[in-house]
Number of protein chains: 2
Amino acid sequence: MKTRKPQKEAKSSGTITMLDVAEYAGVSAQTVSRVVGNSSLVAEKTRRRVEEAIQALRYIPNDAARSLASASSRVVAVIIPTLSSSAFAAEVKGVIDALEPHKISVIIGNTEYSQAREEAILQSLLERRPIGVILTGLQHSPKVRSLLQQSGVAVIETWDTDGDPIDMAVGFSNFTAGYDVGKLLCERGSKRIAFVGGGSAQDSRAQSRYLGLCKAVKEAKLPDVHRVELSLPMSGNDGIRGLDEVLRDAPLTDAIFFSADTMALAAILECNRRGIRIPEQLAICGFGDYELAAMVTPSLTTVRTQPDEMGATAAQMLLARISESGNAKHKVVLAHQLVRRGSA
Amino acid sequence: MKTRKPQKEAKSSGTITMLDVAEYAGVSAQTVSRVVGNSSLVAEKTRRRVEEAIQALRYIPNDAARSLASASSRVVAVIIPTLSSSAFAAEVKGVIDALEPHKISVIIGNTEYSQAREEAILQSLLERRPIGVILTGLQHSPKVRSLLQQSGVAVIETWDTDGDPIDMAVGFSNFTAGYDVGKLLCERGSKRIAFVGGGSAQDSRAQSRYLGLCKAVKEAKLPDVHRVELSLPMSGNDGIRGLDEVLRDAPLTDAIFFSADTMALAAILECNRRGIRIPEQLAICGFGDYELAAMVTPSLTTVRTQPDEMGATAAQMLLARISESGNAKHKVVLAHQLVRRGSA
DNA sequence: TTGTACGCGTTATCAA
DNA sequence: TTGATAACGCGTACAA
């Protein structure tokens with residue numbers, strides 16, 4: 001136990017509060033608050049005394065009390081479909097790293113691609129009174145929308161800019177990305193193109209890519225895209241399953257656009273094993289540009305997005321909104337890039 | 001600027017509190033509190049009235065006030081080296097999913113393998129008064145230890161059981177895992193073995209695996225393990241770099257143990273490209289059993305751990321500690337499994 | 001089964 | 001530049 005103990009109040013219940021620090025430093029609690037809050041209205045000498053007291057007593061501010069008194073928290077909520085996807089994990093990391101210097105914590109919700117879970121998780125997270133909520137995609141249930149609207153938090157929707165955001169958005173155009181892939185496949189001479197991805201209801205971003213692909217295919221006057229829907233979340237095994245389904249149901253297919261690199265990579269490896277020549281016999285295109293995409297043989301043609309950059313940008317937009325410096329952007333479209341390699 | 005309302009009658013302020021709900025339902029605030037807290041001491045009829053009021057007013061409890069009044073939070077802090085690693089991401093997901101039903105939020109800190117950052121992040125996260133802190137590994141600075149000790153939070157250390165935990169631990173024996181790999185390599189006839197991983201100071205888990213490997217190699221009376229240290233975090237490119245360094249500095253090497261599958265996978269792909277025959281010319285073993293490990297050719301021999309299970313277990317241990325049901329375990333050793341495939 | 005009084009640790013306001 | 005006081009919204013303890 002400490003040698004130095006507040007004498008006059010028997011209220012020292014073990015936890016060290018600002019009052020303890022104030023007493024130790026011979027100032028008022030308010031002055032301690034100013035020091036902790038880096039207020040400029042403190043004499044240098046006083047500040048040093050208080051900081052010494054903080055060190056000596058190992059004082060750690062209580063954020064709950066701060067939030068309650070100031071009616072504002074230091075928390076941002078991020079709701080993503082799943083942390084299993086390296087893309088979403090990278091986004092979250094971008095958010096955390098950008099917010100850490102500001103002492104803002106990030107709490108995460110996994111919806112597993114379920115709208116019902118999104119609602120429940122949002123409701124739960126709103127109890128923390130976050131200063132901002134970062135969502136995935138532009139498609140949300142009415143309940144989510146009304147919860148958001150009513151709570152008045154800043155909202156940032158990510159991964160999609162093909163629509164109107166609730167509040168702010170940062171991402172890229174999935175439609176254009178899909179269209180770009182379609183044009184590439186058409187121009188390289190593919191005639192019968194397939195798309196493998198999640199269900200349209202669950203993953204509207206993948207759906208947009210599909211629609212973009214369809215547009216390019218239509219413009220090239222090719223047969224309709226053969227679509228294989230798999231349940232989310234998708235893993236490498238789903239890539240093989242998707243490949244199998246395409247080969248079975250549309251055997252003339254000569255190009256597949258997978259909605260994620262995990263699947264495309266697995267498909268390439270499986271084709272190698274089966275002796276299916278890529279891209280001569282079957283062209284393959286992925287999405288996400290995972291690190292291994294450049295390393296497989298043939299290397300994977302894919303679309304590079306910037307998940308970490310997206311997370312960092314979302315965080316910056318939130319900070320800008322909070323500081324009300326006026327330069328808060330409402331919609332930021334990040335570049336995506338078609339990376340042409342050996343597989344298509 | 002917000003102005004405080006001196007009157008407590010004028011509850012027309014923006015935020016809806018328990019008092020508003022209480023008034024609407026014709027009960028006291030305390031009864032509302034009981035309903036929100038699922039207390040059994042509320043008449044069914046009253047409960048329904050209150051719940052209707054909550055719905056009607058769209059009341060959302062304020063967690064800061066709850067924490068302050070009850071002197072306990074609903075937050076768990078998880079501190080990991082980086083969210084870029086799928087293993088750590090899986091662990092975090094395990095924690096989140098296990099805690100979500102209990103309405104406990106998870107806040108994440110990324111140390112980037114830096115002890116200094118671990119200290120700073122921990123200090124910052126402790127302001128949220130988490131009910132538990134989940135750390136990575138058993139090696140922590142004195143400051144981290146004293147912060148933890150002083151705050152009195154429950155602590156769970158993960159990913160390593162080769163040592164004494166501060167409080168509780170869940171993980172596996174990295175030393176044994178490394179030893180297992182070493183025995184396999186020796187038994188299959190490898191004579192000159194190399195290890196590629198992070199610096200010993202930064203990643204003590206990888207260091208333990210290295211030491212286990214060395215023990216097996218020593219028992220087999222083989223030449224010392226050639227070690228290549230790379231800076232963390234490690235990516236696929238580091239696998240290729242590690243491969244290059246081994247081939248350059250220890251050209252007689254006939255087996256490499258990579259401290260993570262990301263590197264091992266990249267190395268296999270690179271060997272394929274260069275015409276290095278695996279495992280005849282060079283055996284390769286990874287760590288982590290990532291999904292692609294089974295899909296590359298030759299498939300990757302590796303060690304399977306259970307990151308998600310580890311996260312879930314850590315969460316359960318925390319819950320057990322909180323409920324003080326007495327069955328809180330102090331050290332849980334999860335199984336790891338050597339998965340022998342084609343590469344070694 | 002329900003209500004009343006009080007305090008949790010901090011910040012905002014205003015006075016000194 | 002500093003301090004006194006009053007909230008912030010809720011749970012705990014106890015009374016009814």
Side-chain angles (χ1 to χ4, degrees), chain A residues 6 9-23 25-50 53-54 57 59-74 103 126-129 151, chain B residues 1-11 13-23 25-50 53-54 57 59-74 103 126-129 151:
Chain A
E9 296 285 340
K11 296 220 176 285
S12 62
S13 55
T15 54
I16 290 150
T17 74
M18 271 191 173
L19 274 172
D20 299 313
V21 176
E23 193 173 342
V27 297
S28 75
Q30 188 50 236
T31 300
V32 177
S33 174
R34 291 190 181 103
V35 171
V36 170
N38 276 319
S39 166
S40 50
L41 317 148
V42 185
E44 193 47 47
K45 196 178 148 196
T46 312
R47 152 165 278 124
R48 250 199 311 279
R49 258 215 329 266
V50 171
I54 288 174
L57 266 38
Y59 166 68
I60 293 182
N62 183 322
D63 189 66
R66 173 164 45 207
S67 292
L68 189 57
S70 68
S72 77
S73 77
R74 293 187 181 185
K103 299 235 178 194
L126 283 179
E127 298 190 2
R128 319 282 150 171
R129 298 291 187 273
S151 67
Chain B
M1 304 291 267
K2 29 190 78 123
T3 335
R4 299 249 177 176
K5 305 259 176 179
Q7 294 282 356
K8 28 175 57 178
E9 280 302 310
K11 290 312 295 179
S13 59
T15 53
I16 289 151
T17 74
M18 273 192 172
L19 274 173
D20 299 311
V21 177
E23 194 172 341
V27 297
S28 75
Q30 186 48 44
T31 301
V32 177
S33 175
R34 291 190 180 103
V35 171
V36 170
N38 276 319
S39 166
S40 51
L41 316 147
V42 184
E44 194 46 48
K45 197 179 146 196
T46 312
R47 152 165 279 125
R48 248 199 312 279
R49 256 213 333 263
V50 171
I54 288 174
L57 266 39
Y59 167 68
I60 293 182
N62 183 323
D63 189 65
R66 171 164 46 207
S67 293
L68 190 56
S70 69
S72 77
S73 77
R74 293 186 180 185
K103 299 235 178 195
L126 284 179
E127 298 190 2
R128 319 282 149 171
R129 297 291 187 273
S151 67

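So that the names make sense, note that chain A is the first sequence line, chain B the second, and so on, each numbered from 1.
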Do the side-chain N or O atoms of A:T15 get closer than 4.0 angstrom to the phosphate oxygens (OP1, OP2) of C:dG9? yes
Let's see if you can work this out: which of [options] has an atom nearest to the side-chain heavy atoms of [X]?
{"X": "B:T17", "options": "D:dT2, C:dG3, D:dC10", "value": "D:dC10"}
{"X": "A:T31", "options": "C:dT1, D:dG9, D:dG3", "value": "D:dG3"}
{"X": "A:M18", "options": "D:dG9, C:dT11, D:dG3", "value": "C:dT11"}
{"X": "A:R66", "options": "D:dG11, D:dG3, C:dT10", "value": "C:dT10"}

Does the B:R47 side chain pair with the main chain of B:S39, one donor and one acceptor, at a distance under 3.5 Å? yes
Do A:M18 and A:N62 come within less than 4.5 Å of each other through their side chains, counting heavy atoms only? no
Can you measure [X] atom [atom1] to [N] atom [atom2] for me and round it to whole angstrom units?
{"X": "A:L19", "N": "D:dA4", "atom1": "CG", "atom2": "C1'", "result": "12 Å"}
{"X": "B:E127", "N": "C:dT10", "atom1": "CD", "atom2": "C1'", "result": "12 Å"}
{"X": "B:I60", "N": "D:dC8", "atom1": "CD1", "atom2": "P", "result": "19 Å"}
{"X": "A:D63", "N": "C:dT11", "atom1": "CG", "atom2": "P", "result": "9 Å"}
{"X": "A:R128", "N": "D:dC8", "atom1": "CZ", "atom2": "P", "result": "22 Å"}
{"X": "A:N62", "N": "C:dC8", "atom1": "CG", "atom2": "C1'", "result": "8 Å"}
{"X": "A:R48", "N": "D:dT1", "atom1": "CZ", "atom2": "C1'", "result": "16 Å"}
{"X": "A:I16", "N": "C:dT10", "atom1": "CD1", "atom2": "P", "result": "11 Å"}

Please, which pairs that meet salt bridge (Lys or Arg N to Asp or Glu O under 4.0 Å) have at least one residue in residues 64-74 of chain B, sequence neighbours excluded? A:E127-B:R66, B:D63-B:R66
Residue closer to the 5' end of DNA chain C, B:V27 versus B:L68 (nearest nucleotide): B:V27
Would you indicate what B:V36 reaches in the nucleic acid, counting non-hydrogen atoms under 4.0 angstrom: base, sugar-phosphate, or nothing? nothing
What does B:A71 touch in the nucleic acid at a heavy-atom separation under 4.0 angstrom: a base, only the sugar-phosphate, or nothing? nothing
For a quick test of your reading: what N or O donor-acceptor pairs under 3.5 Å do the side chains of residues 29-38 of chain A make, sequence neighbours left out?
residue : atom : partner : partner atom : Å
A:T31   : OG1  : A:S28   : OG           : 3.4

Considering all heavy atoms of both residues, which atom of [X] and which atom of [Y] are nearest to each other, and what is their separation?
{"X": "B:V50", "Y": "B:A25", "result": "CA-CB, 4.0 Å"}
{"X": "A:T46", "Y": "A:V42", "result": "CB-CG1, 4.0 Å"}
{"X": "A:I16", "Y": "A:Y59", "result": "O-CD1, 3.5 Å"}

Interface polar pairs with nucleotides 12-16 of chain D, N/O, under 3.5 angstrom:
residue : atom : partner : partner atom : Å
D:dT12  : O4   : B:Q30   : OE1          : 2.7

